[in-house]
Each structure stands twice: as C-alpha cells, then as structure tokens.
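What follows is a single structure, written as structure tokens, with notes after it.
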Amino acid sequence: MAHALGTPLYVYSRAALDFNLESFENALREVRHRTFYAVKANFNLAILRWFNQAGCSFDVVSSGELHRVERSGAPPHRIAFGGVAKTSSELEEAIQRGLFCIHAESVEEVEKLAELANRLNSAARVGLRINPEIDARTHPYIATGRREDKFGIDIETLDRVLSAIRRESRLRLISIGSHIGSQILDLEPYRQSFLKLLALAERLRGEGFDIRNIDIGGGFGIPQQGEPPFDLAALGGFLREHQGQYRVLFEPGRYLVGNAGILVTRVLYRKAKQGRRFLLVDAGMSDFMRPTLYGAYHGVAALRQGLPEMRGDLAGPVCESGDFFALDRDLPDAEPGELLAIENTGAYGSVLTHNYNARRRPAEVLVEGDSFRVIRRRETLEDLIRLEEESASQELSV
C-alpha cells in the first residue's frame with residue numbers, strides 16, 4: 001500500500017473494527033443500552049457508513065459532524081448532538097432534524113434552546129450533561145469531569161437549569177449523563193459517576209421529569225504500553241446490577257477505532273547530534289498530533305521484521321521542536337527508505353490533521369480481507385490553494 005500510494009498513509013482494518021464492536025456489544029449484552037459512536041474519534045465517511053450498517057447510533061458535536069453522519073445514511077433518531085458551545089444555527093439544525101437528543105451544558109444553552117424551539121414551533125428532546133466532579137486521573141487536556149473543566153453543568157446550578165426546562169413545554173428532558181475524560185483504563189471513576197447520576201435520576205423522576213436514560217459517556221482507554229485492558233465486562237456486570245429502570249447510553253470512540261488503524265511513514269534520514277540519535281521520517285505533527293498535543297505514547301514498529309533496536313527520537317519534518325512521535329525510546333534501527341508503523345492511530349489521528357507548513361493531508365485506506373480501497377485520497381497541491389483561488393474573484397465591500 002505504501003509503495004502504491006506513498007507515505008505518510010493511514011491504514012485501517014475492517015476486521016479490527018468488526019472485532020472491536022462485537023466485543024463491545026458482547027460485554028454489555030445483559031445491559032439494556034444503546035451505543036452512540038463518538039464521531040470525533042474518526043469521521044471518515046467509509047468508517048461512518050460501516051458503523052451505520054452495523055446499527056450504531058452517533059454522537060456528534062458540530063454541524064460538520066452532523067452533515068457527515070447524515071451522508072452516511074444514519075436517520076435522525078440515531079443521532080445525539082453534544083458539545084459545550086453550540087451555535088444558534090447548530091441548535092436550529094438539531095431541533096429541525098428531530099434528533100434523538102440535544103445534550104445541553106448550561107442554563108444559557110437551555111434558554112437558547114427554548115427560544116429557538118418556540119420560534120420554530122418544534123419540540124426538542126433534551127439531555128443534561130452533568131459535571132460529576134470526578135478526577136479520572138488522565139492527562140489534564142483530556143480530563144472533562146472535574147470542577148475546573150469547562151464541560152457540563154455543576155450541581156450548584158442544576159436547579160436553575162431545571163427551572164428553565166419546566167417553564168418550556170416544548171423541551172422534554174429524557175436523559176442525564178456525564179463524560180469524565182478520555183483514555184481511562186480504571187473502572188472506579190465510572191462506578192462513581194454512574195452512582196451519582198443514578199441518584200440524580202431518581203430525584204428528578206420524583207420531581208416529575210420523565211428521565212429514561214443515563215449516559216455514562218465514553219473515554220474507555222486502550223492499552224498503549226502493556227497496561228491491563230479496560231474491563232468492560234466488569235462495567236457491564238456493575239451496570240446490570242444497578243441500572244434498574246434506566247437505559248444506559250454509551251459514547252465510545254477510541255475503544256472502537258483506536259487500535260484499528262496505523263500511520264505508515266518512511267525513514268528519510270538518520271542523524272546524530274549532541275549524543276542523541278534521531279530517525280527523521282516523512283510524517284509530522286501535521287499528520288498525527290497526539291504525541292505533540294498530549295505527550296501521548298504510541299508504539300512504533302518496523303514493517304520489515306528482524307531489525308535491531310536503537311535508542312533515540314522519532315521526529316518529523318515540521319518546523320517545530322514539538323514535531324515528534326517518540327523521545328528517548330527504543331526504536332527500530334531503521335535505515336533510510338525503511339517503513340515504520342505508528343500504532344493505535346485509528347482514533348484522533350486523521351481528524352486532527354492540518355496543513356501547517358503547507359503540508360498535504362495523507363491518504364487513508366481500508367483493508368477488507370485480502371484487498372484494500374482508498375477511502376480518502378491524498379491532498380494535492382491544488383487542494384491546498386483551491387479555496388483561495390475560488391475566492392480570488394469575489395470582491396466584497398466593508
């Protein structure tokens with residue numbers, strides 16, 4: 001594939017997607033639940049179409065993600081709209097589409113929803129994302145359930161939110177939930193979060209709200225450095241024991257697609273400097289941001305077996321010191337021209353690509369059995385300037 005299409009190159013496995021979703025559903029088969037794939041993890045249309053055909057629902061956080069999911073063929077009743085700062089036009093779209101649920105995160109958003117629902121003469125199903133004040137002990141940039149995080153509704157302001165919903169007959173509260181972070185391998189934060197949400201759901205039902213769903217979000221981690229895998233079966237057993245009359249909603253992303261993808265890159269140069277050794281490759285932070293953004297660990301493997309190891313850094317061509325994939329790590333002792341695979345890049349890989357240094361976004365392919373197909377072509381030089389060229393003839397007055 002690398003020889004045919006060039007590098008850098010994202011490669012996804014259909015077999016891994018099949019296995020991951022089947023394993024997820026099997027672990028939760030005795031839990032009354034619904035699975036909403038978190039589109040932000042990987043929104044390639046081919047991936048979305050596969051999830052749609054598998055019967056999944058979808059969690060979107062922008063009008064762009066909503067558009068992609070609709071193009072995949074998913075019906076509105078299988079789409080939930082989340083996000084901490086939705087625009088008025090996005091809320092209008094969500095109301096007009098009749099989506100399964102709109103997850104609100106503030107009293108101001110609920111008031112805006114009510115205003116728009118009245119103007120559009122349409123009802124809206126609402127979920128509330130609660131901040132459970134739980135520290136999942138993950139990287140601070142992907143922790144989302146602590147008091148200081150921007151996400152969710154604090155318990156102290158919940159009564160104001162509920163009052164705003166009570167005032168509006170067009171708003172129907174059907175769900176409460178939380179999302180406590182990402183790349184979490186410990187079960188305990190989910191137990192704590194669910195029990196808090198369960199107590200709140202019981203209270204709200206007692207106050208007349210028809211709560212039917214408890215959404216525990218996603219964030220289930222995948223092993224990167226030999227850690228024990230997340231015990232989804234144990235979570236299923238806990239939920240089965242405690243869910244009572246409620247349906248549990250899940251929003252997995254990385255758990256379903258993370259290990260289904262690799263980023264293939266080619267070694268360009270070997271370099272030694274001030275006692276450090278470098279492998280310089282043709283992929284950069286513009287192609288895969290997580291190591292730069294979070295200091296995330298991703299395994300690196302040579303596509304040709306049997307290479308010895310070296311201690312050094314794996315870095316790319318982008319003009320930033322933060323352009324690296326591995327620092328002071330044991331790496332394949334690869335020569336220029338060798339191909340390397342950066343592992344577990346099926347989630348938060350292609351979706352975070354960008355054009356810094358006027359670099360072109362890589363191609364993406366999906367392996368199905370003993371064949372593969374291109375599901376996103378590599379950007380061309382013309383793609384880089386197309387929008388600017390199209391805009392050149394437009395004269396606007398100010």
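What you see is a predicted model, and the numbers here were worked out from it, not measured in a lab.
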Can Arg68 and Glu65 be counted as an ion pair, charged N to O under 4.0 angstrom? no

Are a donor atom and an acceptor atom from the side chains of Tyr294 and Ser182 found within less than 3.5 Å of each other? no

Please check if the distance between the ring centroids of Phe230 and Tyr190 is under 6.0 Å. yes

Pair His298 and Phe325, ring centroids less than 6.0 Å apart: no

Go through the side-chain N and O atoms of Arg170 and Asn121 and say whether any donor and acceptor fall under 3.5 Å apart. yes

Listed partners of Thr292 passing side-chain contact (heavy atoms from CB on, under 4.5 Å), at least two apart: Met285

Between Arg191 and Glu188 (salt bridge meaning N to carboxylate O under 4.0 Å), is one present in this structure? yes

Those residues at least two apart in sequence (or on a different chain) that pass ring pair (Phe, Tyr, Trp, His ring centres under 6.0 Å) with Tyr37 are Phe51

In terms of relative ring orientation, are Phe220 and Phe24 parallel, tilted or perpendicular, with 30° and 60° separating the classes? tilted

Could you please spell out the steps behind the salt bridge (charged side-chain N to carboxylate O under 4.0 Å, His left out) verdict for Arg29 and Glu25? CA-CA 6 Å; Arg29 62 185 179 278; Glu25 295 298 334; over 6 Å; no

Is there a donor-acceptor contact under 3.5 Å linking the side chains of Ser23 and Asn20? no

Does the pair Lys86/Glu105 count as a salt bridge with the N-to-O cut at 4.0 Å? no

Under 3.5 Å side-chain donor-acceptor pair for Glu320 and Tyr356: yes

Electrostatic pair Arg203:Glu207 at N-O distance under 4.0 angstrom: yes

Under a plain distance cut-off of 3.5 Å, with no hydrogens placed, do Arg254 and Gln183 share a side-chain donor-acceptor pair? yes

Quick one: does Asn52's side chain have a donor or acceptor within less than 3.5 Å of a partner on Leu48's backbone? no

Under 3.5 Å side-chain donor-acceptor pair for Asp287 and Thr353: no

Is Arg311 paired with Asp330 through a side-chain N to carboxylate O contact shorter than 4.0 Å? yes

Which atom pairs, one a donor and one an acceptor, fall under 3.5 Å between side chains of residues 273-281 and the rest of the protein, sequence neighbours left out?
from   : atom 1 : to     : atom 2 : distance (Å)
Arg276 : NE     : Asp313 : OD2    : 3.2
Arg276 : NH2    : Asp313 : OD1    : 2.8
Arg276 : NH2    : Asp313 : OD2    : 2.8

